[in-house]
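Here's the structure we're looking at; comments come further down.
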Amino acid sequence: MPRPLSRRRRARLVRGAQYGVLVAAVAALTLAADWRRLGSAFFDVSVATALFPDIVTTALVNTVRYTLLGFGFGLALGLVLALMRLSSVPPYRWLAVTYIEFFRGIPALLVFIALGFGVPLAFQVALDQGVTVMLSLGLVGAAYMAETIRAGIRAVPKGQTEAARSLGMSQGRAMVSIVVPQAFRIVLPPLTNELILLTKDSSLVYLLGLSLSQFELANFGRDALNEHKSLTPVLVAGLLYLVITLPLGQLVRRLEARTAKAR
Amino acid sequence: MTARSALPVLAAAAAAALLAGCTSTAPVGQQGRGPELVRPGALLTCTHLPYAPFQVKRDGKVVGFDVDLVDLVAKDLHVTQQIINTPFEGIETGQDFAIRTCDLAAAGMTITPARAKVMDFSDPYFNATQALLVKRGTSVKKIEDLKGRKLGYQKATTGALYAKAHGKGVELVEFEDVGLLLTAVGSGQVDAGINDNGVLLDYAKHNPDTHVAAEFDTGEHYGFGVRKGNDALRKRINEVLARAKKDGSYDRIHRKWFG
């Protein structure tokens, strides 16, 4: 009769088995995939080089531009919404809650279509593409950012407001000069997260119809996919998204470390 | 056709294939000889909606000129047609055939040399020309009149190629699908839209504030696409088309959709 395994030994065996299954799964997938065909579809160097420099000078630049426009508008609106939601005036609160629940609950895709085609139909004015993107991305982003900012404001110790009030500041003054700046420091990491999400959502601009000079990364990649009948442009576009988002992720980690040190 | 309902079917097909000694595709049709289909018993058709009057959703069903023609093929094969809506790029680049999404593509698709490299085409079944849709009251007569103004086209279509080749000085705006393109013309976001005549004439019929200002005879023909090398199916389609043109059913279907 074999000696029963000690608890530690059993834990090690179980973990070893888990690693084994993982390695086997990866190996099986690696062996099963047709690498030659994948390679010719995704890594066609001549197609990849043909994409440059336009994919950077036009597509990458536009992606950044659309994102920043949307983020800027969304942040401003988000701050207003957060303050409204914290207001002591009930109708402000209701308005903010309704807005946030609505725009957080519907897909960004529908907002783009509703705004991009609804506004021109309703008022017979064709909005500039940049403006439409700014509004659509901003409206959606604001709903999320309002909640983030509200959490940040709540996280600022109550003593800060009380101290400001005792110095003779009005409630509004204390909020703007003392509480909100501290709140922003707290919510910088989640706001950067939102910026990364908006970077990817900016690809929805394709729904509005784009001229060549307005193409962003995703649309550029898919257009080139049709032109070259190769999947390589999609891979290149994906890598360029990483060029934008990876430094942002790094930035979040730096900010978090700094906030932790400051405390 | 949703992914959810596809899974059990795939599983069943895989099990059946194993039992049958690992044949991956089952022959269908009379005497066990016939075109190979992705899924026995069904003719899977790839299309990109909406493309009235060729394919359009009405009362929860996809109907249209292409649908009626492919139904003739399905009837000949003793199977039923099932329509899969997929982005046009996937059809046009041959990817949908490569990953076995469907047996046949019927998407109001022009036969071009570039497309013929990634799929095989049936005989032509419709003569298409490119046309310009504008709002009523606009003076646009030809593509040159649009200099400095906006012309919309649909991604990956022959209209896109025509616009790029002839639209010197015209600001070209690309749309994902024809529905958005036509709405953009209607709302004045673009000054004109280029697409195949059949689609634009149908739209103008239903939207009297727009009209087709010009048609450019580009000598285009629509064809049904099949996976490269699927000659059995291609021949069957050609036989059915030839018979339909002879016995009057093609004319009947044409009248039904184009008046």
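Every chain is numbered from 1 and lettered A, B, ... according to where its sequence line falls, protein lines coming before strand lines. Given the structure is predicted, the values throughout are model-derived calculations rather than measurements.
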Between chain A and each of B:Val190, B:Val173, B:Thr183, B:Asp177, count heavy-atom pairs under 4.5 Å; write down the option with the most. B:Val173
Please check if atom NZ in B:Lys164 has more than 12 non-hydrogen atoms from other residues, nucleotides or ligands closer than 6.0 Å. yes
Interchain contact, B:Glu174 with chain A, by part (heavy-atom threshold 4.5 Å): both
Is it the case that over 12 heavy atoms from other parts of the model lie below 6.0 angstrom from the OH atom of A:Tyr92? no
Say you draw a straight line from CD of B:Gln189 to CG of A:Leu208; how long is it, rounded to the nearest 0.5 Å? 7.5 Å
Region of B:Leu172 that comes under 4.5 Å of a non-hydrogen atom in chain A: backbone
Structural part of A:Leu231 lying under 4.5 Å from a heavy atom of chain B: side chain
Is the CZ atom of B:Arg136 crowded by more than 12 outside heavy atoms at less than 6.0 Å? yes
Greatest number of non-hydrogen atom pairs under 4.5 angstrom with chain A, of B:Lys150, B:Glu171, B:Glu92, falls to B:Glu92
Relative to chain A, which segment of B:Gln95 carries a heavy atom at a distance below 4.5 Å: side chain, backbone, both, or neither? side chain
Say you draw a straight line from CG of A:Leu207 to CD of B:Glu176; how long is it, rounded to the nearest 0.5 Å? 7.5 Å
Output the residues of residues 106-125 of chain B for which the shortest heavy-atom distance to chain A is under 4.5 Å, in residue-number order; output 'none' if no such residue exists. B:Ala114
Between A:Leu212, A:Leu225, A:Asn219, A:Leu210, which has the largest tally of heavy atom pairs under 4.5 Å with chain B? A:Leu210
